[in-house]
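Accompanying notes for the structure given below.
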Amino acid sequence: MTQRSCAVYGVGIVCAHLLFIGIGLFVSQVFQTVIHNRLKKEVTLTEGSRVFETWKNPPPPIFMQYFFFNVTNPDEFLAGAKPFVSQVGPYTYREYRPKENVTFLENGTRVAAYQCKTFVFLPERSVGDPDIDMITTINIPAVAVMNKVKDSFWKSSLVSIWMNSLHVGMFMTHSVNELLWGFKDPLLSRIHPMNPEIDEYFGLMYKKNGSNDGEVVYHTGEADFMDYGRIARFKGESKLSLWTSEQSNMINGTDGSAFHPLLSKKERLYIFSPDLCRSIFMEFEKDVEVKGLPAYRFTPPRDVLASKEENPANEGFCVSPKECLGSGVLKVSVCKKGAPVVVSFPHFYLGEENYTNAIEGLSPVREHHQTYLDLNPTTGVPIRASKKAQINILINRISDDTSAAKLQKLLLMVTLVSNFPLIIVGLGVLLLLVFTCLIVCEHKLKHLNRFEPSSNLELQVRNSGIFLKL
């Protein structure tokens with residue numbers, strides 16, 4: 001055999017060995033297992049890990065955009081017409097949410113932290129000046145107060161009298177800045193001296209700039225990589241006590257900023273939202289690519305806010321039969337100090353058509369109103385996210401008969417209050433007459449008592465046989 005032939009056979013043998021070894025490694029997935037094991041150890045909330053600093057100080061810019069529905073026909077609506085709204089926005093703020101007071105617990109398997117949120121206005125990303133632009137919307141403080149006293153005729157009547165004297169109606173007009181960050185409300189100011197727990201100021205984001213939701217304890221992923229970022233306790237509690245079932249009160253999932261590595265398309269991802277006072281879940285929708293990086297898109301399905309008839313698991317979110325609404329909305333009064341607050345997706349996306357049809361100017365569009373998370377499946381890191389929610393206020397139009405009865409009672413109350421001075425005068429005259437009668441009776445009684453002894457004397461003399469004329 002020539003030297004050339006030996007070389008050829010040698011190359012063939014080496015190629016065969018490499019081929020068999022490659023096939024063996026591919027089938028056994030040795031390298032993939034090694035990489036995955038290494039990844040599980042790296043993706044933990046521990047000092048020095050690759051993700052810890054990013055978890056503490058999220059580097060990508062987070063933008064919070066606010067849109068408002070301006071009611072264009074408030075008077076017609078109060079007269080019974082369908083409300084017309086026009087969407088105004090966005091008013092964009094850069095949000096900073098670093099985690100503070102980070103403390104490791106239970107041998108490094110858990111970590112506690114406060115997430116402070118700060119908002120900075122960005123005029124270049126907004127449609128106007130929030131100090132100048134005015135919005136007409138439902139008078140949320142007034143509706144909340146009326147809802148609180150609706151079961152008491154006397155309290156509700158008193159509130160109605162206050163609202164009338166303060167010229168407070170069902171609608172209010174304020175600047176965007178006031179609606180977001182707070183303004184002094186006249187009705188709340190009237191109630192505050194009698195109930196100091198009620199703040200004089202109201203705003204959708206009042207006292208939330210520079211605040212936090214409370215201490216949150218997270219799993220670090222040291223014990224189990226599947227627990228990475230999962231919330232263990234919120235404000236010292238491992239579950240809520242707001243709803244009517246154990247499942248509804250469970251604190252499931254992460255805060256939405258971190259997820260375990262090696263994601264599967266078949267799994268549900270749970271997120272706990274303090275704003276919604278509950279946990280929600282998201283499911284895989286499709287593969288996407290963000291700046292050249294592969295990602296899984298997870299979105300909340302209709303089941304999340306479905307009615308109890310459509311999704312029986314949601315019955316626990318009905319505090320009472322009256323609290324159960326249709327699909328696409330959730331009443332959260334239990335964690336909003338009793339105010340009739342209802343949350344949904346924008347324009348009632350994924351909700352029942354009757355909600356959208358009840359208001360002129362709504363048009364739910366999936367591309368604009370869907371909440372989604374684009375996660376890298378290997379690391380679990382969010383590459384792109386869009387959280388969208390809508391705040392609604394529940395009001396009920398009462399029937400004509402009920403309205404007339406309440407109006408008659410209210411008019412009676414107003415009449416009594418208006419004529420209160422005359423009533424006092426009349427009562428005073430009546431008491432004066434009674435006093436005069438008592439004086440006259442007392443005078444007559446004294447007069448009779450003056451002559452009663454002489455009669456006794458005459459009786460005694462007669463009995464003695466002697467008659468004296470006195």
Side-chain angles (χ1 to χ4, degrees), residues 35-64 95-106 108-118 212-235 238 250-265 267-276 278-285 288 290-291 293-300 371-387:
I35 293 174
H36 285 181
N37 288 337
R38 180 65 178 175
L39 189 63
K40 293 174 184 178
K41 293 181 180 179
E42 288 288 340
V43 182
T44 56
L45 296 179
T46 54
E47 289 283 2
S49 70
R50 294 180 182 273
V51 297
F52 185 65
E53 288 302 320
T54 302
W55 175 80
K56 284 176 59 177
N57 295 286
I62 302 172
F63 300 106
M64 181 68 78
E95 182 180 351
Y96 299 87
R97 48 172 70 177
K99 292 183 173 65
E100 301 175 346
N101 298 337
V102 178
T103 307
F104 287 97
L105 309 170
E106 301 180 23
T109 59
R110 296 184 180 185
V111 58
Y114 291 83
Q115 184 167 269
C116 186
K117 298 180 180 179
T118 306
N212 62 75
D213 294 323
E215 185 186 59
V216 182
V217 178
Y218 304 85
H219 289 274
T220 62
E222 278 280 279
D224 186 346
F225 82 98
M226 292 292 290
D227 287 335
Y228 167 72
R230 186 168 64 84
I231 296 176
R233 292 194 301 272
F234 175 66
K235 292 183 178 180
S238 59
M250 293 176 66
I251 298 177
N252 290 327
T254 73
D255 61 3
S257 65
F259 296 90
H260 67 80
L262 309 177
L263 294 172
S264 168
K265 294 180 180 180
E267 66 180 307
R268 278 184 173 180
L269 298 181
Y270 284 86
I271 299 174
F272 175 71
S273 173
D275 294 331
L276 297 179
R278 59 165 288 187
S279 297
I280 66 171
F281 61 86
M282 307 179 81
E283 295 178 344
F284 174 80
E285 183 183 87
V288 296
V290 182
K291 295 182 179 180
L293 297 174
Y296 290 169
R297 172 162 292 184
F298 284 84
T299 61
T371 291
Y372 63 83
L373 275 172
D374 293 339
L375 308 174
N376 179 262
T378 304
T379 62
V381 173
I383 303 175
R384 182 172 55 192
S386 180
K387 174 187 175 183

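The structure presented is a predicted model; accordingly, all values stated were derived computationally and were not measured. Heavy-atom basis, side chains included; hydrogens, waters and symmetry copies ignored.
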**Asked** Does Tyr114 have any ring pair (Phe, Tyr, Trp, His ring centres under 6.0 Å) partners at least two apart in sequence or in another chain, and if so, which?
**Response** none

**Prompt:** Any side-chain heavy-atom pair from Leu262 and Pro377 closer than 4.5 angstrom?
**Reply:** no

**Message:** Does Phe298 form a side chain to side chain contact (heavy atoms under 4.5 Å, CB included) with Phe259? I'd like the steps, not just the answer.
**Reply:** CA-CA 12 Å; Phe298 284 84; Phe259 296 90; over 6 Å; no

**Non-hydrogen atoms of Lys99 and Ala113 that approach each other most closely** = CB-CB, 4.1 Å

**Message:** Does Met64, at its CE atom, have more than 12 non-hydrogen atoms belonging to other residues, nucleotides or ligands within less than 6.0 Å?
**Reply:** yes

**Request:** Determine whether Ile271 and Leu373 make a side-chain contact, defined as any pair of heavy atoms from C-beta on separated by less than 4.5 Å.
**Result:** yes

**Item:** Test item: Thr220 side-chain N/O and Val111 main-chain N/O as donor-acceptor pair under 3.5 Å
**Value:** no

**Request:** Measure the CD-CD distance between Glu283 and Glu267 for me, rounded to the nearest 0.5 Å.
**Result:** 11.0 Å

**Asked** Do Glu47 and Phe104 have side-chain heavy atoms sitting under 4.5 Å apart?
**Response** yes

**Asked** Sequence neighbours excluded, which residues qualify as side-chain hydrogen bond (donor to acceptor under 3.5 Å, both in side chains) partners of Ser257?
**Response** Asp255

**Request:** Please round to the nearest 0.5 Å and tell me the distance separating atom OH of Tyr270 and atom CE of Met282.
**Result:** 13.0 Å

**Complete:** Nearest heavy-atom contact between Ala295 and Ile383 is CB-CD1, 4.0 Å

**Prompt:** Got a second to check how far Asp374's CG is from Arg384's CZ, nearest 0.5 Å?
**Reply:** 4.5 Å

**Message:** Looking at every non-hydrogen atom in both residues, tell me the closest pair between Asn57 and Pro98 and how far apart they are.
**Reply:** OD1-CB, 3.3 Å

**Asked** Can you find a pair of side-chain heavy atoms, one from Phe234 and one from Asp213, that are under 4.5 Å apart?
**Response** yes

**Request:** Considering non-hydrogen atoms only, spot the tightest contact between Ala112 and Val217 and give its length.
**Result:** CB-CG2, 4.0 Å

**Message:** Within the 4.5 Å heavy-atom criterion, are Leu375 and Leu269 side-chain neighbours or not?
**Reply:** yes

**Prompt:** How far does CZ of Phe272 sit from OG of Ser279, to the nearest 0.5 angstrom?
**Reply:** 6.0 Å

**Close side-chain approach of Pro274 to Lys235, heavy-atom, < 4.5 Å** = no

**Prompt:** So, Asn376 side chain and Pro382 main chain: donor-acceptor pair closer than 3.5 Å or not?
**Reply:** no

**Request:** Would you sort out whether Gln115 and Asn212 count as a side chain to side chain contact (heavy atoms under 4.5 Å, CB included), showing the intermediate values?
**Result:** CA-CA 6 Å; Gln115 184 167 269; Asn212 62 75; 5.6 Å; no

**Message:** Would you say that Arg97 contacts Pro58 through its side chain, given a criterion of any heavy-atom pair below 4.5 Å between the two side chains?
**Reply:** yes

**Asked** Side chains of Glu215 and Arg233: closer than 4.5 Å at any heavy-atom pair?
**Response** no

**Complete:** Heavy-atom closest pair (Tyr296 atom, Leu263 atom, distance to 0.1 Å) is CE1-O, 3.8 Å

**Request:** Could you walk me through whether Thr46 and Phe52 pass side chain to side chain contact (heavy atoms under 4.5 Å, CB included), step by step?
**Result:** CA-CA 6 Å; Thr46 54; Phe52 185 65; 5.9 Å; no

**Complete:** From the list Glu106, His260, Arg230, side-chain hydrogen bond (donor to acceptor under 3.5 Å, both in side chains) partner of His219 resolves to Arg230

**Request:** Report the C-alpha separation of Tyr228 and Val51 in whole Å, then their side-chain angles, then the decisive distance to 0.1 Å, and conclude whether the side chain to side chain contact (heavy atoms under 4.5 Å, CB included) test is met.
**Result:** CA-CA 11 Å; Tyr228 167 72; Val51 297; 3.4 Å; yes

